[in-house]
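Read the numbers this way: they start at 1 and go in the same order the structure lists the ligands and their atoms.
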Amino acid sequence: MTQEQKSIAVFDSGVGGISVLRELVSLMPNENYVYFGDSLHAPYGTKSIKEVYQLSIHNIEYLMTKGIKAVVIACNTVTSVAVNDLRDNYVNMPIIGVEPALKPAVLQNQGGRVLVMATPITIQEHKFSKLMDTYRTMADIVPLPCGGLADLVEQGEITGARIEAYLEEVLAPYLEPKIDAVVLGCTHYPFVKESIAKVIGYPVKFYDGGLGTAKETRRRLEQKGIRNTNDKQGTVTMINSLGDERMIDLSYELLGMEQANK
Ligand code: DGL
C-alpha cells in the first residue's frame with residue numbers, strides 16, 4: 001500500500017468526533033478513514049490532564065497499527081491539553097487538532113454576545129484563555145462548561161425530554177441578555193444543535209470547528225504530498241473501545257451512512 005492510500009485516523013473520547021469525520025468525508029470522499037471512539041473511557045472532559053494525555057498516547061499507538069498516514073484529534077479536550085506534546089512525540093506523523101470556532105463567531109458577531117459551550121477541561125485550559133484574550137475586546141464572550149452533556153450524546157440522547165431538561169438547566173441563566181452566537185466547543189455538541197436551538201427559543205448562529213479541521217487536514221496532506229489521488233469512494237472503518245455493537249450502530253447513524261458501509 002502506498003502512503004497516499006493509507007487511512008486518515010480520527011479519534012475522540014467517544015462518538016463526538018464523528019461530527020468532524022462527517023466533514024472530512026464530505027470534503028475528501030476518496031480518502032480512507034479509521035475512526036476510533038474511546039467510549040470505554042468517556043468522558044475525557046472531566047478527567048485530569050495526565051489521564052487525557054495517557055489515553056491519547058494509547059489511542060495513537062493503537063491507530064498506528066492500522067496503516068495510517070495522519071491523525072485527526074477530533075476532540076477539543078485532547079487538543080487543548082495535549083496537541084503540542086503529541087506532536088513532539090510523533091514528529092513524522094501529521095497531527096491535526098480541533099479547537100472552539102471562536103474566531104469566526106466573534107468576527108461575524110462583533111459587539112454581540114457569544115456563548116462558548118465546551119467541556120470543563122477545555123474551558124479551564126490555557127489554550128482557551130489565550131484564544132479568549134485575543135477576541136475579548138470584540139465581543140462579550142461567555143464560557144459555559146457543560147459537564148455531562150457529552151455523556152448524554154454517548155447514550156444516543158440527541159433529542160427529547162432528557163436532553164432538553166439538561167439544556168434548560170444549564171442555559172437558563174444565560175438566555176438574557178440575548179445570545180447572538182453559540183460556539184459548539186466540544187465535538188459531541190453539533191449532534192444536539194437542534195435541541196440547543198429549541199431550548200434557546202430565539203434565532204442564534206452556531207459555529208463548530210469541524211469544517212475548519214477538515215480543511216486544515218486537506219492542507220496538511222497536500223503539503224506533504226500524501227492526498228489520495230484515487231477518485232473512487234473511500235472506506236470508513238468504525239472502531240469503539242466499548243466493544244458493543246450498539247456503539248458501532250450509533251456511530252454509523254451519526255455519520256449518516258447506511259449499515260452496508262460497515
Ligand atoms: N468530544 C470531546 C471534545 O471535543 C470530549 C467530550 C468528553 O469526553 O468529555 O471535547
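Contacts of Pro43 with ligand 1, taken as heavy-atom pairs under 4.0 Å, involve both backbone and side chain. Proximity of Thr187 to ligand 1, defined as any heavy-atom pair under 4.0 Å, is shared by backbone and side chain alike. Both the backbone and the side chain of Cys186 come within contact range of ligand 1, each with a heavy atom under 4.0 Å. Within the 4.0 Å heavy-atom criterion, the part of Asp12 lying near ligand 1 is the side chain and not the backbone.
There is no path of hydrophobic side-chain contacts, each under 4.5 Å, that joins Ile68 to Val10.
Scanning the protein heavy atoms around atom 9 (O) of ligand 1, the nearest turns out to be Gly45 N, 2.8 Å. If you check which protein heavy atom lies closest to atom 10 (O) of ligand 1, you get Thr77 OG1, 2.7 Å.
For a threshold of 3.5 Å applied to N or O pairs, the pair formed by Ala150 and ligand 1 contains no separation below that value. Of the polar atoms of Tyr44, at least one N or O is found under 3.5 Å from an N or O of ligand 1, judged by distance alone.
Taking every non-hydrogen atom of Ser13 and a distance limit under 4.0 Å, the qualifying atoms of ligand 1 come out as 5 (C), 6 (C), 7 (C), 8 (O). Near Asn76, with a cut-off below 4.0 Å to any heavy atom, the atoms of ligand 1 are 3 (C), 4 (O), 10 (O).
Summarising the geometry, atom CD1 belonging to Ile95 is positioned 10.5 Å from atom CG belonging to Asn92; distances are rounded to the nearest 0.5 Å. Interatomic distance, Ile158 CD1 to Glu194 CD, rounded to the nearest 0.5 Å: 11.0 Å. With values rounded to the nearest 0.5 angstrom, Lys127 atom NZ is found 15.5 Å from Met132 atom CE.
A side-chain donor-acceptor contact under 3.5 Å links Thr77 and Thr119.
The number of heavy atoms from other shown groups lying within 6.0 Å of CD (Glu169) does not exceed 12.
Geometrically, Lys103 does not engage Tyr135 in a cation-pi contact, judged by NZ or CZ lying under 6.0 Å from the ring centre and within 45° of the ring axis.
Taking the centre of each ring, Tyr62 and Phe36 come in below the 6.0 Å mark.
Not a single heavy atom of Gly14 sits closer than 4.0 Å to an atom of ligand 1.
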